[in-house]
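Note that the structure is predicted; figures quoted are calculated from it, not measured. As the structure lists them, so they are numbered: ligands from 1, and atoms in each ligand from 1.
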Amino acid sequence: MLKLWGRGSSVNVQKVLWALDELGLPYAHVPLGGPFGGLDSSDYRALNPNGLVPTLQDGDGSLHWESNAIVRYLAARYGAGTLWPEDPVARSAADRWMDWVPTTLGEPMRVLFWGFVRDPVNADLNAMAAAETRLAELWGRVDAHLAAQPFIGGERLTMGDIPLGCHVQRWLGFPITRPDLPHLAAWHARLSARPGFARHVMVPMQ
Ligand SMILES: N[C@@H](CCC(=O)N[C@@H](CS)C(=O)NCC(=O)O)C(=O)O
């Protein structure tokens, strides 16, 4: 049995919950972090030395942390030919967009999330305006990519859709001005039709 630690309101935990759902895997879920606390206990630090969520344990006892690495692990182990493209070129096409989330998209998304949701009282309005502008350009890149194909990795949903899909849901929920990005909107509609996305990602931000 798989066991997942982490509150479902975390975007990084949502990636794993959605992946588990796509793969049809049964799992036990322990909400942890945020209002649930528990990240500083020695028991949890033994599972994940970073004291962050998510953490996943597989039935073989193997431990996994870092959300994108967990999604890759689940895809490789349980989703060959579906979430995990078997062709290395196709896999690379999905994989690079997974890396692009923490390296490029993550920081301006964090600025808006904290400014609108987590700590509006201390929001840095200049930083938020800059993040809004930057995100319009970055999501424009995703829109251009999706002009040629329905999903991030090609013709069908792969692991490449998961981190970006979780973040686009948030971006569309921020009270900002967004450019018209029709391919991105059509992709979001395709994701919204998937039960795992609707269940775990289309939830109120907190
Ligand atoms: N790079 C890590 C980041 C993990 C992370 O920052 N998790 C946040 C939630 S999104 C966390 O544990 N925050 C403390 C808390 O929830 O109390 C990953 O992708 O797993």
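Neither side chain, Asn126 nor Asp124, offers a donor N or O lying under 3.5 Å from an acceptor on the other. Between the side chains of Tyr27 and Asp58, no donor-acceptor pair of N or O atoms lies under 3.5 Å. For the residue pair Ser62/Asp60, the side-chain donor-acceptor check at 3.5 Å is satisfied.
If you check which protein heavy atom lies closest to atom 13 (N) of ligand 1, you get Leu52 CD2, 3.9 Å. In this structure, the protein non-hydrogen atom closest to atom 1 (N) of ligand 1 is Glu66 OE1, 2.8 Å. Nearest protein heavy-atom neighbour of atom 3 (C) of ligand 1: Asn12 ND2, 3.7 Å. Val53 O, 3.9 Å is the protein heavy atom nearest to atom 8 (C) of ligand 1.
Atoms of ligand 1 lying under 4.0 Å from any heavy atom of Gly34, numbered from 1 in the order shown and given with element: 15 (C), 16 (O), 17 (O). Atoms of ligand 1 found under 4.0 Å from any heavy atom of Pro54, numbered from 1 in the order shown, are 20 (O). Of all the atoms in ligand 1, the ones that sit under 4.0 Å from a non-hydrogen atom of Ser10 are 9 (C), 10 (S).
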Distance-only donor-acceptor hits, side chain of residues 187-197, under 3.5 Å, sequence neighbours excluded:
from   : atom 1 : to     : atom 2 : distance (Å)
Trp187 : NE1    : Asp161 : OD1    : 2.8
His188 : NE2    : Gln169 : OE1    : 2.7
Arg190 : NE     : Pro150 : O      : 3.1
Arg190 : NH2    : Pro150 : O      : 3.1
Ser192 : OG     : His188 : O      : 2.7
Arg194 : NE     : Glu22  : OE1    : 3.3
Arg194 : NE     : Glu22  : OE2    : 2.8
Arg194 : NH2    : Glu22  : OE1    : 3.0

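Not counting sequence neighbours, the partners of Trp139 by the ring pair (Phe, Tyr, Trp, His ring centres under 6.0 Å) test are Trp171.
Annotation: Leu39 places no N or O atom under 3.5 Å from an N or O atom of ligand 1; distance criterion only. Of the N or O atoms in Arg7, one or more lie within a sub-3.5 Å distance of an N or O in ligand 1.
Asp143 places a side-chain N or O within 3.5 Å of a backbone atom of His183 that can act as its donor or acceptor partner.
Heavy atoms of Ile70 found under 4.0 angstrom from ligand 1: none, in either backbone or side chain.
Under the 4.5 Å side-chain heavy-atom criterion for grouping Ile, Leu, Val, Met, Phe, Trp and Tyr, Leu56 is not connected to Met1 through any hydrophobic cluster.
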**Candidate pair His145 and Trp97, rule ring-ring contact (aromatic ring centres under 6.0 Å, His included), full reasoning** = CA-CA 10 Å; His145 175 66; Trp97 286 103; 4.9 Å; yes

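For atom 18 (C) of ligand 1, the candidate residues are Pro102, Gly106, Ser67; the nearest heavy-atom contact is made by Ser67.
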